[in-house]
Each structure stands twice: as structure tokens, then as C-alpha cells.
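Comments concern the structure below.
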Protein chains: 2
Amino acid sequence: MTIPTSIASQQHDHSHCISTAMEQAKAVCAQNGARLTPLREQVFRLVWNSHQPLGAYALMDMLAAESTRRVAPPTVYRALEFLLEQGLIHRINMLNAFVGCTHPSSEHANNFLICEHCGVAIEFSADPLQTSINDTAAEFGFSINAQSIELMGCCQHCREAEL
Amino acid sequence: MTIPTSIASQQHDHSHCISTAMEQAKAVCAQNGARLTPLREQVFRLVWNSHQPLGAYALMDMLAAESTRRVAPPTVYRALEFLLEQGLIHRINMLNAFVGCTHPSSEHANNFLICEHCGVAIEFSADPLQTSINDTAAEFGFSINAQSIELMGCCQHCREAEL
DNA sequence: CGACAAAGTGTTATAGAATAACATAACTTC
DNA sequence: GAAGTTATGTTATTCTATAACACTTTGTCG
Ligand SMILES: [Zn+2]
Ligand SMILES: [Zn+2]
Ligand SMILES: [Zn+2]
Ligand SMILES: [Zn+2]
């Protein structure tokens, strides 16, 4: 019922990721009294099509491909905004792209490993890391409202594949 | 001869920041055999006009205001690219903006506290934080090429001013 | 049920950020 | 000074995101 983040870059039963994410999304929206409309669900599904962050315009094209009607930017941006508010997806600032959240119900810090090879974004959280972050902020008398940690590089799977 | 990061959001002798940054920039370029041309120096100076990250188009307007000739995007983007390569400025991904680096000569991890009130970006580094980052990456078998840590919130100075 | 308000979506236009491609100028090096 | 390299100018275009307004659907309440 949870999505293990570390498998994102490996071969795995991704349909399981999708269905789990879908369940969680419905639960979160129900709990928040938010409406996961057909359009929003469609965008969410498209974002979850893979573990690779997707740009808004790529999503727009996929939306347009699925339906016959033409799709304009606000359509997809509004859906993305909703999903961001609900904590169901994250924005990767380094890529101007969006990716599904693997644990939307619990508290989550926006931390990602992003592989430059396969494009997969692995969400992670680590207590010692968060402690260091909080300590540093405290040291500066700084109060954190939002945090973005993005590490670009090469994932284990891709490095092993290269040998 | 160094720029203390913690004073960025306070009243301080900013002309000292600028002159120090300028010295360091010249030293870095000399060491790397890179040419700090008048245009690049002008852009660098404009970026260092404050501790608040500046967008490329704001810079462009400032450039245009200073000289009579008209300035097109590639002009400023090429200068910014050069300064980024030399490690003299950083890009704040959450803001699509650029800010001067306070310690360009040494190794530096791209870590920032960004105040939503005054807009100041405070560059910081913390050994335990970096250790946690490296540990986490190692745990996932991930090799880091670039890292971006951006903490948005409210700086001490602004919080005290609000009371 | 029928008005009404609120939330969601469609549509057009525009703003904002970044790069491609090619021409010209300046600076090196021989 | 000629040739090659680096830097800048110039025009056009791509990519990302939002503003503004119209229309539709959904939920609420009398
Ligand atoms: Zn998966
Ligand atoms: Zn990979
Ligand atoms: Zn200063
Ligand atoms: Zn502040």
C-alpha cells in the first residue's frame, strides 16, 4: 500500500505504483474535502505514467492526444496547481517538471535524487538530513516555509548498466 | 577579504561586499585563464547590486538603462552562463534568478536560505548537512553531479522587524 | 423544484524565461 | 598582417506560465 522509492529506476511492476498512487490520491482528496474531477484524475494518471518528471507542455500534448478536444495551457496548469496543493505531486525546480508524490498522506519534505541518464526522480526523506536542515535554519534564526532539495546525478541502475 | 553570509539581510556596508566580490572575481578569472570582459564585469556588478537574486530580464533592463545601446536576451544570458561556469554566481531555481556567490574561490555547495519578505538569499554551507546528503546518496548508490538546496521562509531580520 | 452561489473548465491573449542560428567585432597567435 | 579563436550583436523562435473573461457544472438553501 506504499510505494518504495528506491525501485523507481529499476524494472518493476509500475501498474502497481499507479494503482497505489490512485488509491492514495482518492483518500487524500476525500479527507480534505477536495474534488478529484475526471480532468484532474487524468492529469494525475499521466504524471504517474512514469517516475520521470514531466513538463506541463508534454502533459498538455498527452492530454490532447487522449481526448479529441484541444487543450490549452491553463487547463493543465490548473490541474497541476490543484494536485500540488493536495500534495499529490511535486514540482522539480531544476527541470520545470512535475512528478507524482510517493507518500502523499504523511508529512513530506520535497527531497529528490534525479538521474540525468534515465530521468527518474527518486523521492527520499532522511531524518539526519532534516535535522541538519533544521539546525542550520535555527542557527540563522530562519523559519522555513518551503524546502527544495534536488540532487542531480546518476542513479545506481544507470551506473551499473554502463559497466 | 571574505563576505560573511549572515549579514546579508541586515544593514551593512554593502559597497564592501561589492568590492570584495569584484576582487575575488578577478582572482578567479585570472587563475582560470578566463576573460572578465567589461560586459561580464558589468553584469557581475549588477548581480551584486544587492543580496536579492535578480531575474535575467531585470538584469537586461538594468543593462539597457546603463548603456544607450539596446540589449537582447542572449547578451545577458551569455554573461550569466560565463559567471555560472566560473562559479562567481549561483542560480536560484525556485525563483529563476541569479545571485552573487560569497565564496567563489573555495569549493561550494549551492545552499540557500531565501527570505520571502525581503528577498535576500543567504548562502550557507554546513558540514553535517553535507555529510547527510552524501550519506543519503551513498545509501541509494547515487552519485551526485549537482546539488540544489533552497529553503524559502523568513529571515531573522524580517521576523524581528514584524514584532 | 428553482434560484443562487461557488467551484471548475474553456478560450484567447499575453507575459516571462531561455535558446537557436547567423552576422559582426575583437582579441590571439603566429 | 593573415588566420583562427573568442566574444558580442541581432533576429527569430521555443518553452514555461499566468491574466482575464465566458461558460458550465455542482452544491446549497429556501
Ligand atoms: Zn513505478
Ligand atoms: Zn538512472
Ligand atoms: Zn552586502
Ligand atoms: Zn528577510
Side-chain angles (χ1 to χ4, degrees), chain A residues 25-26 29-30 32-47 52-86 88-99 119 148 150, chain B residues 25-26 29-30 32-47 52-64 66-86 88-99 119 146 148 150:
Chain A
K26 280 172 183 165
C29 287
N32 296 356
R35 292 173 48 202
L36 190 61
T37 63
L39 176 65
R40 289 165 174 173
E41 183 173 331
Q42 191 184 7
V43 170
F44 184 67
R45 206 177 285 278
L46 287 171
V47 169
Q52 293 151 356
L54 273 179
Y57 279 69
L59 275 167
M60 210 177 73
D61 293 345
M62 293 163 84
L63 267 182
E66 285 194 357
S67 78
T68 55
R69 70 176 188 278
R70 105 166 231 277
V71 181
T75 301
V76 60
Y77 276 104
R78 282 192 285 230
L80 290 171
E81 189 186 8
F82 170 84
L83 296 170
L84 283 170
E85 276 169 5
Q86 299 299 318
L88 297 172
I89 62 173
H90 292 294
R91 183 174 198 282
I92 307 294
N93 293 311
M94 288 179 98
L95 302 177
N96 296 338
F98 304 85
V99 72
S148 159
E150 301 175 1
Chain B
K26 280 172 184 166
C29 287
N32 296 355
R35 292 171 50 200
L36 189 62
T37 63
L39 176 64
R40 290 165 175 174
E41 183 173 330
Q42 191 184 6
V43 170
F44 184 68
R45 205 177 285 277
L46 287 171
V47 169
Q52 294 152 357
L54 274 180
Y57 279 68
L59 275 167
M60 211 176 72
D61 293 345
M62 293 164 83
L63 267 182
E66 284 194 357
S67 79
T68 56
R69 71 178 187 277
R70 106 166 230 277
V71 181
T75 301
V76 61
Y77 276 104
R78 283 192 284 230
L80 289 170
E81 190 185 7
F82 171 84
L83 296 170
L84 283 170
E85 277 169 5
Q86 298 299 317
L88 296 173
I89 63 172
H90 293 294
R91 183 174 198 280
I92 308 295
N93 294 311
M94 289 178 98
L95 303 177
N96 296 338
F98 304 85
V99 71
S148 158
E150 300 175 3

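In what follows, chains carry the letters A, B, and so on, assigned in the order in which the sequence lines appear, proteins first and then strands, with residues in each chain numbered from 1.
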Report, one pair per line, the protein and nucleotides 9-16 of chain D atoms (nitrogen or oxygen only) whose separation is under 3.5 Å.
unit_1	atom_1	unit_2	atom_2	d
D:dG9	OP1	B:Arg69	NE	3.1
D:dG9	N7	B:Arg78	NH2	2.5
D:dG9	O6	B:Arg78	NH1	3.1
D:dG9	O6	B:Arg78	NH2	3.4
D:dT11	OP2	B:Arg70	NH1	3.3

Exercise for the section: Can you tell me which residue pairs pass the salt bridge (Lys or Arg N to Asp or Glu O under 4.0 Å) test with a partner in residues 53-71 of chain A, sequence neighbours excluded? Expected result: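 For residues 53-71 of chain A: none.
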
Rounding to an integer number of Å, can you tell me how far [X] [atom1] sits from [N] [atom2]?
X	N	atom1	atom2	answer
B:Leu59	C:dA17	CG	C1'	13 Å
B:Arg40	C:dA26	CZ	P	15 Å
A:Leu80	D:dT18	CG	C1'	13 Å
B:Asp61	C:dA15	CG	C1'	13 Å
A:Leu63	C:dT11	CG	P	13 Å
B:Glu41	D:dT8	CD	C1'	17 Å
A:Leu83	C:dT9	CG	C1'	15 Å
B:Gln86	D:dT6	CD	P	14 Å

Exercise for the section: Please name all residues satisfying side chain to side chain donor-acceptor pair (under 3.5 Å) with A:Glu41, sequence neighbours left out, ordered by chain then number. Expected result: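 Per chain and number, A:Glu41 pairs via side chain to side chain donor-acceptor pair (under 3.5 Å) with A:Arg45.
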
Problem - Residues in side-chain contact (heavy atoms from CB on, under 4.5 Å) contact with B:Leu54, at least two apart in sequence or another chain - result: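 side-chain contact (heavy atoms from CB on, under 4.5 Å) list for B:Leu54, sorted by chain: B:Ala58, B:Leu59, B:Met62.
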
Practice task
Sequence neighbours left out, what passes side-chain contact (heavy atoms from CB on, under 4.5 Å) with B:Asn96? Give chain and number order.
Solution key: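 With neighbours one apart ignored, the set is B:Arg91.
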
Exercise for the section: Check whether any side-chain N or O of A:Glu150 sits under 3.5 Å from a backbone N or O of A:Asn93 as a donor-acceptor pair, and report yes or no. Expected result: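 The answer is yes, because a donor-acceptor pair under 3.5 Å joins these two groups.
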
If I compare all heavy atoms of [X] with all of [Y], which pair ends up nearest, and what's the gap?
X	Y	result
A:Gln52	A:Val99	C-CG2, 4.4 Å
A:Gly119	A:Pro53	O-CD, 3.1 Å
B:Ser148	A:Met94	CB-SD, 3.9 Å

Practice task
Evaluate side-chain contact (heavy atoms from CB on, under 4.5 Å) for B:Phe82 paired with B:Leu36, printing each intermediate quantity in order.
Solution key: CA-CA 9 Å; B:Phe82 171 84; B:Leu36 189 62; 4.1 Å; yes

For nucleotides 27-29 of chain C, give me every protein contact, N/O to N/O, under 3.5 Å, one pair per line with atom names.
none

